[in-house]
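What you see is a predicted model, and the numbers here were worked out from it, not measured in a lab. Start at 1 and go down the list; that is how both ligands and their atoms are numbered.
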Amino acid sequence: MENDNALRYPIVAVNESATKHLMDNVKGTGQSTIDGILRATNVLIAGKNFVVCGYGDCGKGVAKRAKGMDANIIVTEVDAFRALQAVMDGFRVLPIKEAAKIGDIFVTVTGNKNVIDVEHMELMKEGAILANSGHFDAEVNINGLRKIAKKERKIRPFMDEFTLNNGKKIFILGEARLINLSAAEGHPSTIMAMSFINQAFACEFLVKNKGKLEPKVYVLPPEKDDEIAKLQLEAMGIKIDRLTKEQEKYLSSWQEGT
Ligand SMILES: NC(=O)c1ccc[n+]([C@@H]2O[C@H](COP(=O)([O-])OP(=O)(O)OC[C@H]3O[C@@H](n4cnc5c(N)ncnc54)[C@H](O)[C@@H]3O)[C@@H](O)[C@H]2O)c1
């Protein structure tokens, strides 16, 4: 919107703060997505082929937790570096067309649309479970699915069974809306505290700079992340060390230890 001059007022992109996207997205979405899938299905995660579409902050959090529950993780990506990160984290990386054939549980966390499309659903195994925890219910092509499905029935409050034109049944959780919000309770408050304090600092920044900002996207300075991290540690009763004068000098010099 900034590039198109479509913004009418300044925006602070709070998601850019490390204390937001490396906490809320990784730890919050990681945990609450699994929580949503379990509440919706009560399915056993262990031993399942668990496909995570998108290996960004949310995808990393979801994949790590599913791995901790003994699933076989398969990642799909469109970004080479993110795919490489998944490989180096010990996960199998496949194109969605291949992953679709072997996955038992699918989670989309991309912010994109039709990441799991009808052509992929048609390749899926009987009983495959699909959930979305990304930005919107467009990540799974649910409208396309409705067009080709022979039958749709609700079998649990957040679990709908679709019988495809090829006779196979697949399950959509929470109408493919954000599973952690539709079937669970969203993120725990401890993690949201860091997102909300970022928003509070963003409001403070906007008020303090009233009249001086342009209709552009702003990010909070890294010092705010440091301040938030200190506050969070304090709230958790955790103390850390401080650099000694000698260490400060050593770290900023090139004459010693090189
Ligand atoms: N459920 C929640 O509570 C919650 C919380 C935070 C963020 N989100 C949402 O989750 C989504 C992901 O957030 P993030 O912080 O991980 O973003 P991110 O940008 O770090 O990661 C998204 C990843 O998806 C990949 N991707 C895009 N299109 C793809 C495709 N077709 N197939 C496979 N991979 C694809 C990108 O390459 C990227 O690596 C966003 O839409 C965000 O708004 C949800």
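Panel note: side chain D89, backbone F91; no donor-acceptor pair is recorded below 3.5 Å. Using a distance-only test at 3.5 Å, with no hydrogens or angles considered, a donor-acceptor pair links the side chain of E126 to the main chain of K169. Between the side chain of T33 and the backbone N or O of G30 there is no donor-acceptor pair closer than 3.5 Å. For the pair E98 (side chain) and P95 (backbone), a donor-acceptor distance under 3.5 Å is absent.
Considering only non-hydrogen protein atoms, atom 21 (O) of ligand 1 sits nearest to G56 CA, 3.2 Å. Among protein heavy atoms, the minimum distance from atom 19 (O) of ligand 1 is reached at R82 NH1, 4.0 Å. Looking at atom 35 (C) of ligand 1, its nearest protein heavy atom turns out to be T110 CG2, 3.5 Å. Summary of contacts: the protein heavy atom closest to atom 17 (O) of ligand 1 is D57 N, 4.6 Å. Looking only at heavy atoms of the protein, atom 12 (C) of ligand 1 is closest to V109 O, 3.4 Å. Counting only heavy atoms of the protein, atom 1 (N) of ligand 1 lies nearest to S133 O, 2.9 Å. If you check which protein heavy atom lies closest to atom 9 (C) of ligand 1, you get G134 C, 3.6 Å. Protein heavy atom in closest approach to atom 15 (O) of ligand 1: N25 ND2, 2.8 Å.
A donor atom on one side chain and an acceptor atom on the other are not found under 3.5 Å apart for N180 and Q31.
Proximity of T76 to ligand 1, defined as any heavy-atom pair under 4.0 Å, is shared by backbone and side chain alike.
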What do the steps show when you test E227 against K224 for salt bridge (charged side-chain N to carboxylate O under 4.0 Å, His left out), and what is the final call?
-> CA-CA 5 Å; E227 199 177 331; K224 285 292 172 201; 3.2 Å; yes
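The closest heavy-atom contact to atom 26 (N) of ligand 1, among the options N15, T33, V78, I116, comes from V78. Selection from L181, V62, T29, N180 by nearest heavy atom to atom 3 (O) of ligand 1 gives N180. The residue among C58, G59, G28 with a heavy atom at the shortest distance from atom 16 (O) of ligand 1 is C58.
Counting heavy atoms from C-beta outward, N15 and N25 have side chains that approach closer than 4.5 Å. Side chains of L220 and N198 form a contact here, defined as non-hydrogen atoms less than 4.5 Å apart.
Here K97 pairs with E119 in a salt bridge; the nearest charged N to carboxylate O distance falls below 4.0 Å.
The closest approach between H187 and ligand 1 falls below 4.0 Å for a heavy atom of the residue. For E77, the closest heavy-atom approach to ligand 1 falls below 4.0 Å.
Taking any N or O of K20, backbone or side chain, none lies under 3.5 Å from an N or O belonging to ligand 1.
Counting heavy-atom neighbours within 6.0 Å of K125 NZ, excluding the residue itself, gives a total above 12.
Of all atoms in ligand 1, numbered sequentially from 1 with element shown, those under 4.0 Å from a heavy atom of L178 are 1 (N), 2 (C).
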